Each structure stands twice: as structure tokens, then as C-alpha cells.
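Sending over a structure as C-alpha cells; questions will come in a sec.
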Amino acid sequence: MRDLLIYNSLSNKKEIFEPIKEGYVGMYVCGPTVYSNVHLGNVRTFMSFDMIYRYFLHLGYKVRYVRNITDAGHLTDDSEEDKISTKARLEKLEPMEIVQKYTTDFHQILQKFNFLSPSIEPTATGHIIEQIEAIKTILKNGLAYEVNGSVYFDVLKYNETEHYGILSKRNIEDAIENTRALDGQSDKRNPQDFALWKKAEPEHIQRWNSPWGVGFPGWHLECTVMSTKYLGEVFDIHGGGMDLKFPHHECEIAQAQACNHQAPVRYWMHGNMLTMNGKKMSKSTGNNILPEEIFTGDNDNITKGYAPSVARFFMMQAHYRSVLDFSNDAIMASEKGHNRLMEALVVLESLKAEATSTLDVSAWKEKCYAAMSDDFNTPVLIAHLFEAVKWINLLKEGRESLMAQDLKLLLETLSVFVFDVLGLENTQESDDGSKKLDALVRILIDMRNEARENRDWALSDKIRDQLLAMGIQLKDGKEGTMYSIH
RNA sequence: GGCGUCAUGGCCGAGUGGCUAGGCAGGGCUCUGCAAAAGCUCGUACAGCGGUUCGAAUCCGCUUGACGCCUCCA
């Protein structure tokens, strides 16, 4: 098998992927905090890893893909309030109601985008006991301290023997020098220390018993605990958005080292941000667009709705490690390209085999795999797919030819990459309603063609123009009239 | 202030020390009753200034600009 290159954020270069166990991949991706609807930026990261998961599966790896749900709430500031309880109070709901609501929303959105389900989707609240055990271990190993019902990770102590900042390429010394004004209220010995367990104030709703009193687990612990529980103390790939690199992933490394005395992850992968109007999409700033708004067009930044597969294609046209800027013009251009690709696939199925092949399908297929195996380069893959689109059209016109086996190989390979790996869908799916619509439109097409034969241009143009006005476009071609619905 | 990333043709967006990215838009052509659609085809870009080199958009330095992280964030 060809080498698979993966860009490792730990070394900042592409490395040949060598799984810990031949044929198996353990992959952990930081999931959403379920206190509001996921926006398109959140979706991008998960989609990148969905594509990566799909490619591994296609290559024949047995993949255990773990993507968590953060439902324990993260501290937002020193007010001892966390996101989930804040939202719960606002909506007068139980925290677990919030969690349920947005978890369901998350799943529905991903389903629309044609995501594959992860192998395990663990929750933070389902692993409180494991988190408490991890804290005990870190305390026992002398890398944490208890203050006033809370437990903090001792970053300076850790840094004496390990490098805190190994992933984000920071030096703790620099961080200390550049620390902002102290808040004065913290129990921390050093501002760089982070909470493993936090004492719950009376008004804090989410709370659990622990050896240090009633409280709740810290920001970063759940991922350490759940990844090692399901994938082992050392596993192949850990992914997440670029914005989690520091401090979240840095803390994960420190916690895992403190527990197990070894680096937990072989390959760290970070997806880049989706921006809009040149700025990062973010829940807190409001600079974001919801998936549902993409589908319906109900957002000031877009002029119409777009199918989930079109949004997916839009994202796959950029490399996962590049910043991608969302705009109406950009996704509209993607929609046209997406549809052209899908139409070529339909044409391909109707092509007839010839006695000779004038195109080298095997070499083309090889290029597709080479693109994907070079750090999952979907934009280059898509460029190759469009080369196939061009071929298909030339084949249709009889300007090139393929033997049966090459035709089959082209169809199979194209299907694999378009549907299995990129996870795109042909949006012209036919349900019962659309079948009836299809029959209706065909009747009108027949009537129009009769009118055309009678040179009754007034009638034929009327049928054409009125259908177009309601979004049904007729397309006259050599093989008869086709149509598409917009 | 610290750390880091990036600046590509009208737009989006890859890649690379010398050889076509690709998509969208635009020009030309084919098809067509006229259109539309579709197809074919064309364009020759890499922020600025230095340097290395036979040769750089691709490597190095500086400048400018943008963005990300440093605080919850995919």
C-alpha cells in the first residue's frame, strides 16, 4: 500500500502514518459543547474528520473513532458559572434538558450533512468517576494540589521534567512574562495552572461528590479520560479544531503524561477555521451561520438556500488545514461545480463501452489516491475528479472511448471518491412526491415538443418560460429534453 | 506585547525551485427555431523590496497587510 502522509501538529511536518497496530486506527476528536446550536464553523472541523474517517475506512483500516459530547459545562470566567448552567437558568430548564436538546440538534444536523457516526460518542457526565480517578492519580504523582475544595494541575512542577507547550510551541517562561493582570481571586498557585476539579458554589447546578467535596470536573480532563479509556494510553490520532490546540490539547498532553508517564498521541491533527467576512466564526461574537440557515437561505449573508451536499462540497474544495472563508459568491460557485459533477456521474452510467480505450483510467485513479494520501488533499482530488468530468463529456460525444473494464473502473473509482470518501450526495433524490412531479414535467415537455414540431413557438416558449419562472429549467439536448429544479 | 499561520489571475481555492491545478465568472466556438442548458476552447496569476541560484511565485531576509492562539470556542 502507498504511504499515507499526515501533517502532525506536534512536529509541524508531514509524516508517514504508521499505526500502532497494523491495520487498525484509533482516532479521537474533540466534539461539541452542547449548550447551543452548532454553527457551520463547528461543522467544518467535524466534517474534515468525517472525511478522514471515511478515507481510512476506504483504505481498509479498522477504525475506532471516538468523538465526545461535552455536557459537563466549561467555566467561562471567575464567576463560577459555566455555560450549561447559565443557559439552563435562562431557559429555566434542567441542565440535562439543554444537553439533550442540543445533542439531538447536533445529531440531526450531522445526519443532513451525511456524516458517518463515530464508533463511540462518550459524554463527560458519563465519565465523572473516571475523571475523579485520574485526578487521584495526578495528585498521587505530585503534579496537582488541592486548594479549598478545588484541585489544580501544577504546570510549573510538570514543566520541570516535561515540556508544557510542546504542542503549541510555547515556553512556559514566556507565558509567565506575558501574563495579564492577576484577578486576585484565584486559588491557583500560578496563573498557568488549570483546574482538574472545581468546587461548586451553591448556585451551581451541575455538581457531583468527590473526595474534595461537591464540585465538577475541569475543562480538559474529560478528553484525557475518555480517549485513554476507549483507545488506550497511547493512540494513533487526536484531532480537533485549531483553536483547541492551546490550552485544551496542551493540557490533555500534560494530564496524560501525569497519569501514564508517556505521550498519549502519535499524530495530532488540527482542522483550520471557517471564517465569514474574514473573521473566525464564533458562537460568542455572533459571527456565524447555522446549518439550518444554509439549507433555507434564511441568513443575511446568503441570497438563497443550498443543499447540505453543496455545503459539504464547498468545504471539501479547501484543504482542511487552510482557513476557508464563507461567502455567498463562493458557495454559489461551489453549487454549480457540485451539480456539474453530479450530472457527469449520471451521464457516465449511460455510456457505452467501445473496443478500445483512449484514456488511461488506471493512471488517473492512481492520481486520486496520491492526492488523498498526501495529507487528505481533497481540493487536488476534486481537481482530478473534474478531469474525469471532462472525459465523460468527451466520451459522450464520441471523441474518446473506453473499453468495458475501463468504463467500469472509472465509474467505480469516481463513485468511491465522490460518495464514499467525500461523502457527497446526488441531491436529485427521488421520493414519491418528486416522482409525480417528474411525470408532470415530462407531460409538459411532450406538449412543448409537439408545439415545436408544429412550429408553434408562442406556445412552446410559454411552457418553457413559465416553468423557468417557477424554478424548473428545461434543457434541450441531442438525446431529448432534460430538466433541473432550482 | 508573546507565539504562530497566511498573502496566488475578476472571485473561490490547490500546488510547486524550471513542466496545465481545479471550480465559478468572462471571451470565442459547437449545438439550437430563438434562447437557455450543455459541451469544447482561451486567459497566464502568485503582496512589496532585497538576497541565494543557470533559473523563484516556489528557498532566505526585511517591509507591509490579514488572520489565529495567548480567556470559553471546532
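Throughout, protein chains are lettered first and strands after them, A, B, ... in sequence-line order, and every chain is numbered starting at 1. The model shown is predicted, which means the values in this text are computed figures rather than measured ones.
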Under 3.5 Å, which donor-acceptor pairs link side chains of residues 279-289 of chain A to any protein atom two or more places apart or in another chain?
unit_1	atom_1	unit_2	atom_2	d
A:Lys280	NZ	A:Asp243	OD2	3.3
A:Ser282	OG	A:Ser284	N	3.2
A:Ser282	OG	A:Ser284	OG	3.0
A:Ser282	OG	A:Thr285	N	3.4
A:Thr285	OG1	A:Asn287	N	3.3
A:Asn288	ND2	A:Ser282	O	3.0

I'd like to know if the side chain of A:Ser401 pairs up with that of A:Glu354 as donor and acceptor (distance under 3.5 Å, no hydrogens or angles considered). no

- Query: What is the ring orientation for A:His220 with A:His248, classed by angle as parallel under 30°, tilted 30 to 60°, or perpendicular over 60°?
  - Reply: tilted

Side-chain donor-acceptor pairs under 3.5 Å in residues 49-56 of chain A, sequence neighbours left out?
unit_1	atom_1	unit_2	atom_2	d
A:Asp50	OD1	A:Leu116	N	2.9
A:Asp50	OD2	A:Arg54	NE	2.9
A:Asp50	OD2	A:Arg312	NH1	3.4
A:Asp50	OD2	A:Arg312	NH2	2.5
A:Arg54	NH1	A:Phe419	O	3.3
A:Arg54	NH1	A:Asp420	O	2.9
A:Arg54	NH2	A:Asn114	O	2.6
A:Tyr55	OH	A:Ser373	OG	2.9

Exercise for the section: Would you sort out whether A:Glu343 and A:Lys475 count as a salt bridge (Lys or Arg N to Asp or Glu O under 4.0 Å), showing the intermediate values? Expected result: CA-CA 13 Å; A:Glu343 278 167 30; A:Lys475 301 174 178 180; 3.5 Å; yes

What are the residues of residues 362-371 of chain A, sorted by number, that bring a heavy atom to within less than 4.0 Å of RNA chain B?
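None - not one residue of the stretch has a heavy atom sitting under 4.0 Å from the strand.
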
Intra- and inter-strand pairing of RNA chain B, written as dot-bracket with Watson-Crick and G-U pairs under 3.5 Å and | for the latter, reads (((((((..(((.....[...))).(((((.......)))))....(((((..]....))))))))))))....

Enumerate, atom names and distances included, each donor-acceptor pair closer than 3.5 Å involving a side-chain atom of residues 460-467 of chain A, sequence neighbours excluded.
unit_1	atom_1	unit_2	atom_2	d
A:Ser460	OG	A:Trp457	O	3.2
A:Asp461	OD1	A:Arg464	NH2	3.3

Need one value for A:His270: base, sugar-phosphate or nothing, where a base atom within 4.0 Å counts as base even if backbone is also close, heavy atoms only.
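Nothing, no heavy atom under 4.0 Å.
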
Fill in: P spacing across the pair B:C59 / B:C46, given as an integer number of angstrom
16 Å

Q. A:Gln473 has a side chain; which of B:A37, B:C70, B:A74 sits nearest to it?
A.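 Selected nucleotide (nearest to the side chain): B:A37.
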
Exercise for the section: Give one of base, sugar-phosphate or nothing for A:Gly165, where a contact means two heavy atoms less than 4.0 Å apart. Expected result: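 Result for A:Gly165 = nothing.
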
- Please state the P separation for the pair B:G13 and B:C24 - nearest whole angstrom.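 B:G13 and B:C24 have their P atoms separated by 16 Å.
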
Per-nucleotide protein contact along nucleotides 3-16 of chain B, 5' to 3', at a 4.0 Å heavy-atom cut-off (B base, S sugar-phosphate only, - neither), is S--------SSSS-

Review point. Using centres under 5.5 Å plus planes under 30 degrees as the test, is A:Phe386 stacked with B:G23?
Key: no

Discussion item. Whether the side chain of A:Lys280 and the base of B:C73 hold a donor-acceptor pair under 3.5 Å is what I'd like checked.
Written reply: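 Looking at the base of B:C73, it does pair with a donor or acceptor on the side chain of A:Lys280 (distance under 3.5 Å).
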
Each nucleotide N or O in nucleotides 29-31 of chain B that has a protein N or O under 3.5 Å away: list the pair and distance.
none

Where do N or O atoms of nucleotides 40-44 of chain B meet protein N or O atoms at under 3.5 Å, pair by pair?
none

Sequence neighbours excluded and cut-off under 3.5 Å, please list the side-chain donor-acceptor pairs for residues 378-387 of chain A, or say none.
unit_1	atom_1	unit_2	atom_2	d
A:Thr378	OG1	A:Met316	O	2.7
A:Glu387	OE1	A:Lys367	NZ	3.0

| Hey, is the side chain of A:Lys336 poking within less than 4.0 Å of OP1 or OP2 on B:A25, counting only N and O atoms? | yes

| query | How would you label the contact of A:Gly41 with the nucleic acid (heavy atoms, under 4.0 Å): base, sugar-phosphate, or nothing? | reply |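 Result for A:Gly41 = base.
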
- Ion pair check, A:Asp438 and A:Arg442, cut-off under 4.0 Å: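 Yes, A:Asp438 and A:Arg442 are salt-bridged.
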
Sorted by chain and residue number, the side-chain contact (heavy atoms from CB on, under 4.5 Å) partners of A:Asp329 (sequence neighbours excluded) come out as A:Ser327

query = Would you call A:Asp187 and A:Lys199 a salt bridge, taking side-chain N to carboxylate O under 4.0 Å as the test?
reply =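 Looking at A:Asp187 and A:Lys199, the cut-off is not met.
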
Exercise. Hey, is A:Lys188 close enough to A:Asp154 for a salt bridge, meaning N to O under 4.0 Å?
Worked result: no

Margin query: Using a 4.0 Å heavy-atom cut-off, does A:Leu274 contact any base of the nucleic acid, only the sugar-phosphate backbone, or nothing at all?
Written below: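 Base, at least one base atom sits under 4.0 Å.
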
Under the side-chain contact (heavy atoms from CB on, under 4.5 Å) test, residues paired with A:Ser322 that sit two or more places apart:
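Only A:His319 meet the side-chain contact (heavy atoms from CB on, under 4.5 Å) criterion with A:Ser322.
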
Of the candidates B:C72, B:G33, B:C69, the side chain of A:Arg452 sits closest to B:G33

Practice task
Please step through ring pair (Phe, Tyr, Trp, His ring centres under 6.0 Å) for the pair A:Phe113 and A:Phe295, ending with a clear verdict.
Solution key: CA-CA 10 Å; A:Phe113 279 119; A:Phe295 306 152; 5.3 Å; yes

Distance test, side-chain N/O of A:Lys475 to OP1/OP2 of B:U32, below 4.0 Å |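 For B:U32, OP1/OP2 do not have a side-chain N/O of A:Lys475 under 4.0 Å.
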
| task | Could you give the distance separating B:A14 and B:G9 at their P atoms, to the nearest angstrom? | result |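 Per the computed distance, 13 Å lies between those P atoms.
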
Name the nucleic acid region contacted by A:Met482, choosing base, sugar-phosphate or nothing; use a 4.0 angstrom heavy-atom cut-off, strictly under. nothing

Residues of residues 458-466 of chain A with a heavy atom under 4.0 Å from any atom of RNA chain B, listed by number, are A:Ser460, A:Asp461, A:Arg464

Worksheet entry | Pairwise C1' distance, B:A7 and B:C49 [rounded to whole Å] | 15 Å

So what does A:Met242 touch, heavy atoms closer than 4.0 Å: a base, only the sugar-phosphate, or nothing?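 Nothing, no heavy atom under 4.0 Å.
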
